[in-house]
Structures are given as structure tokens and as C-alpha cells.
Amino acid sequence: MEVGQMQRQWVDYTKSLFLEGFLDGQFLQLQQLQDESNPDFVVEVVSLFFEDSEKLLNDLTRALEQPSVDFKRVDAHVHQFKGSSSSIGAQRVKNACIAFRNFCEEQNTDGCVRCVQQVKQEYYLVKSKLETLFAMEQQIVAAGGSIPILELSF
């Protein structure tokens with residue numbers, strides 16, 4: 001496949017991530033911080049998000065499996081996850097965390113258990129989508145191309 005076609009596919013795929021609500025403007029801001037001196041900035045930041053998220057999801061699951069749920073602790077984990085999701089622009093994960101925090105406030109164990117499943121689902125979806133995006137970027141660069149600058153208006 002030629003570079004121009006790969007770049008067009010990357011643009012279409014990236015736009016779909018915004019249109020489907022997986023990403024928001026914060027992700028664009030992350031991309032703007034990347035330059036020649038730090039070409040892997042976004043991948044590095046998102047990889048750290050993935051690592052932290054796995055730990056947070058495990059901590060959340062364990063906390064909700066306790067006979068007596070410490071809702072303050074669960075809420076602290078969800079609050080942290082919401083913040084890190086927001087910082088990379090993972091909009092659907094962030095929104096699932098907002099709903100999750102409401103159930104923590106109500107000390108609703110069943111609601112929290114449902115929400116942790118929803119948060120996991122949204123997290124694994126956005127992780128898969130971003131891994132695909134980064135693989136597309138690697139293919140473009142390997143073929144001698146550059147990643148297009150995306151201009152989206154919100």
C-alpha cells in the first residue's frame with residue numbers, strides 16, 4: 001500500500017475515534033506536544049496510562065470483592081482512573097468513571113460491580129483502538145511517510 005493511502009486511512013480511522021466518542025480534544029492536545037525531539041511522546045504517555053489502568057482495574061475488582069466494601073477506597077481508585085482517562089482524552093472511559101463515582105457515593109455495591117464491568121469494557125475498547133492507531137502510525141513511518149496533522153473542530 002502506498003504512503004498516501006495509509007495516511008488517508010489513518011486520518012479516517014482517527015476521525016472515527018472522535019466521532020464515536022472514544023477520544024476527545026485532550027488527545028489532540030497530547031498529539032500537539034509531540035515533535036521531532038520527542039517523536040514517541042503520545043505512545044509513551046498512553047503506554048503509561050495502559051500500565052496504570054491495569055493496576056487500577058485490578059485494585060477496583062479486588063476492593064469490590066471484599067465482604068465489606070470500602071467505598072471511599074473504591075471511589076479514590078475511580079477518581080484516579082477518571083483523571084488519567086481524562087488526561088489522555090479517553091472520553092468514554094472517563095464518562096463511565098463519572099457514573100461509577102455516583103454509585104460509590106450511594107454506597108451501592110451492585111451498581112459499582114456493574115460499573116466496574118462497564119469501565120473495563122470501555123477501557124479495553126479504547127486500548128484496542130489506540131493500539132490499532134499506533135500500529136498504523138508505525139506502518140506509515142516505516143514506509144517513509146509522516147503522520148498527518150489532524151485538524152478537528154469540536
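Because the structure is a prediction, the values reported are computed rather than measured.
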Trainee: Would you say Y13 ends up clustered with M1 if hydrophobic residues are merged whenever their side chains have heavy atoms under 4.5 Å apart, either directly or through other cluster members?
Mentor: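 Hydrophobic grouping puts M1 with Y13.
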Trainee: Shortest non-hydrogen contact from Q34 to F41?
Mentor: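 Looking at all heavy atoms of both residues, the shortest contact is OE1-N, 3.3 Å.
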Trainee: Could you go through I98 and K82, starting from their C-alpha distance and side-chain angles, then the distance that decides it, and tell me whether this counts as side chain to side chain contact (heavy atoms under 4.5 Å, CB included)?
Mentor: CA-CA 7 Å; I98 291 169; K82 180 182 139 235; 3.8 Å; yes
Trainee: What closest approach, in Å, do V119 and C97 show between heavy atoms, and which atom pair accounts for it?
Mentor: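 Minimum heavy-atom separation between V119 and C97: CG2-N, 4.1 Å.
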Trainee: Side chain of Y123, backbone of L57: donor and acceptor closer than 3.5 Å?
Mentor: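 Side chain of Y123 to backbone of L57, a donor-acceptor pair under 3.5 Å: no, none is there.
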Trainee: NZ/K120 to CG/L125 distance, rounded to the nearest 0.5 angstrom?
Mentor: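 That separation rounds to 14.5 Å.
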Trainee: Kindly indicate whether the side chain of Q31, heavy atoms from C-beta on, has any atom under 4.5 Å from the side chain of I149.
Mentor: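 They are not in side-chain contact.
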Trainee: Using a strict 4.0 Å threshold on nitrogen-to-oxygen distance, state whether D59 and R62 make a salt bridge.
Mentor: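 Answer for the salt bridge query: yes.
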Trainee: Could you give the distance from CD (Q80) to CG (L60), rounded to the nearest 0.5 Å?
Mentor: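 Atom-to-atom, Q80:CD and L60:CG are 9.5 Å apart.
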Trainee: Taking C-beta and beyond as the side chain, do F134 and V46 meet within less than 4.5 Å on heavy atoms?
Mentor: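 Yes, their side chains come closer than 4.5 Å.
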Trainee: Any non-hydrogen side-chain atom of S87 less than 4.5 Å from a side-chain atom of F49?
Mentor: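 A side-chain contact under 4.5 Å is absent here.
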Trainee: Is it possible for you to say whether L48 and L133 belong to one hydrophobic cluster, with membership spreading through side-chain heavy-atom contacts below 4.5 Å?
Mentor: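 The answer is no; the residues belong to distinct hydrophobic clusters.
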Trainee: Are V11 and P148 side-chain neighbours, meaning at least one heavy-atom pair lies under 4.5 Å?
Mentor: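 They are in contact (side-chain heavy atoms under 4.5 Å apart), so the answer is yes.
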Trainee: Can you confirm whether L28 sits close enough to F18 that some side-chain heavy atom of one is under 4.5 Å from a side-chain heavy atom of the other?
Mentor: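 They are in side-chain contact.
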Trainee: Does one side chain, of Q118 or E122, offer a donor that lies under 3.5 Å from an acceptor on the other?
Mentor: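 Per modelled atom types, Q118 and E122 side chains form a pair under 3.5 Å.
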Trainee: Heavy atoms, side chains only, cut-off 4.5 Å: are H79 and R101 in contact?
Mentor: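 Of all side-chain heavy-atom pairs linking R101 with H79, at least one is under 4.5 Å.
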Trainee: Quick one: pull up CD in Q117 and SG in C112 and give me the separation to the nearest 0.5 Å.
Mentor: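 It is 12.0 Å, given to the nearest 0.5 Å.
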Trainee: Do NZ/NE/NH1/NH2 and the carboxylate oxygens of E54 and K127 come within less than 4.0 Å?
Mentor: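 Between K127 and E54 there is a salt bridge, with a charged N closer than 4.0 Å to a carboxylate O.
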Trainee: Quick check against the 3.5 Å criterion: does D70 have a side-chain atom that pairs as donor or acceptor with the backbone of R73?
Mentor: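 A pair under 3.5 Å: yes.
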Trainee: Between A63 and V74, what is the shortest heavy-atom contact and its length?
Mentor: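 Where A63 meets V74 most closely, the heavy atoms are CB-CG2, 3.7 Å.
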Trainee: So, using salt bridge (Lys or Arg N to Asp or Glu O under 4.0 Å) as the criterion, who are the partners of E2 when residues are at least two apart?
Mentor: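 Applying salt bridge (Lys or Arg N to Asp or Glu O under 4.0 Å) to E2 gives R8.
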Trainee: Roughly how far apart are L23 CG and T14 OG1, rounded to 0.5 Å?
Mentor: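 Rounded to the nearest 0.5 Å, the CG-OG1 separation comes to 8.5 Å.
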Trainee: Please check this pair: side chain of Q7 against backbone of G145, looking for a donor-acceptor N/O pair closer than 3.5 Å.
Mentor: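 No; zero donor-acceptor contacts below 3.5 Å.
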Trainee: With side chain to side chain contact (heavy atoms under 4.5 Å, CB included) as the criterion, how do D52 and S84 come out once you've worked through the C-alpha distance, each side chain's angles and the decisive distance to 0.1 Å?
Mentor: CA-CA 9 Å; D52 291 345; S84 60; 5.6 Å; no
Trainee: Is there a side chain to side chain contact (heavy atoms under 4.5 Å, CB included) between D24 and K94 once you walk through the steps?
Mentor: CA-CA 10 Å; D24 63 21; K94 177 190 75 177; 3.9 Å; yes
Trainee: Ignoring hydrogens, what is the shortest heavy-atom contact between C115 and F103? Give both atom names and the distance.
Mentor: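 Residues C115 and F103, closest heavy atoms: SG-CD1, 3.3 Å.
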Trainee: Can you see which heavy atom on S85 is nearest to which on V93, and at what distance?
Mentor: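 Here S85 and V93 meet closest at OG-CG1, 3.0 Å.
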Trainee: Do any N or O atoms from the side chain of S86 and from the backbone of G83 form a donor-acceptor pair under 3.5 angstrom?
Mentor: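 Such a contact is absent between S86 side chain and G83 backbone.
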Trainee: I need the minimum non-hydrogen distance between V78 and C104, along with the two atoms involved.
Mentor: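 Reported closest heavy-atom pair: CG2-SG, 4.4 Å.
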Trainee: Run the side chain to side chain contact (heavy atoms under 4.5 Å, CB included) check on F27 and V42 step by step: do they pass?
Mentor: CA-CA 9 Å; F27 187 79; V42 175; 3.9 Å; yes
Trainee: Using side-chain heavy atoms (C-beta onward) and a distance below 4.5 Å, is D75 in contact with F100?
Mentor: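 They are not in side-chain contact.
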Trainee: Does T109 reach the side chain of F71, with side-chain heavy atoms less than 4.5 Å apart?
Mentor: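 Side chain of T109 against side chain of F71, heavy atoms only: contact under 4.5 Å found.
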Trainee: Out of curiosity, L17 CG to Q91 CD, how far, rounded to the nearest 0.5 Å?
Mentor: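 Reported to 0.5 Å precision, the distance equals 11.5 Å.
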Trainee: Atom CD1 in I88, atom CG in L30: separation rounded to 0.5 Å?
Mentor: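 Rounded to the nearest 0.5 Å, the CD1-CG separation comes out at 7.5 Å.
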Trainee: I'd like to know if the side chain of R92 and the backbone of E20 have a donor-acceptor N/O pair within less than 3.5 Å.
Mentor: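 Yes; at least one donor-acceptor contact below 3.5 Å.
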Trainee: Looking at L33, I'd like to know if its CG atom is crowded, meaning that more than 12 non-hydrogen atoms belonging to other residues, nucleotides or ligands lie closer than 6.0 Å.
Mentor: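 Enclosed: over 12 neighbouring heavy atoms sit under 6.0 Å from CG of L33.
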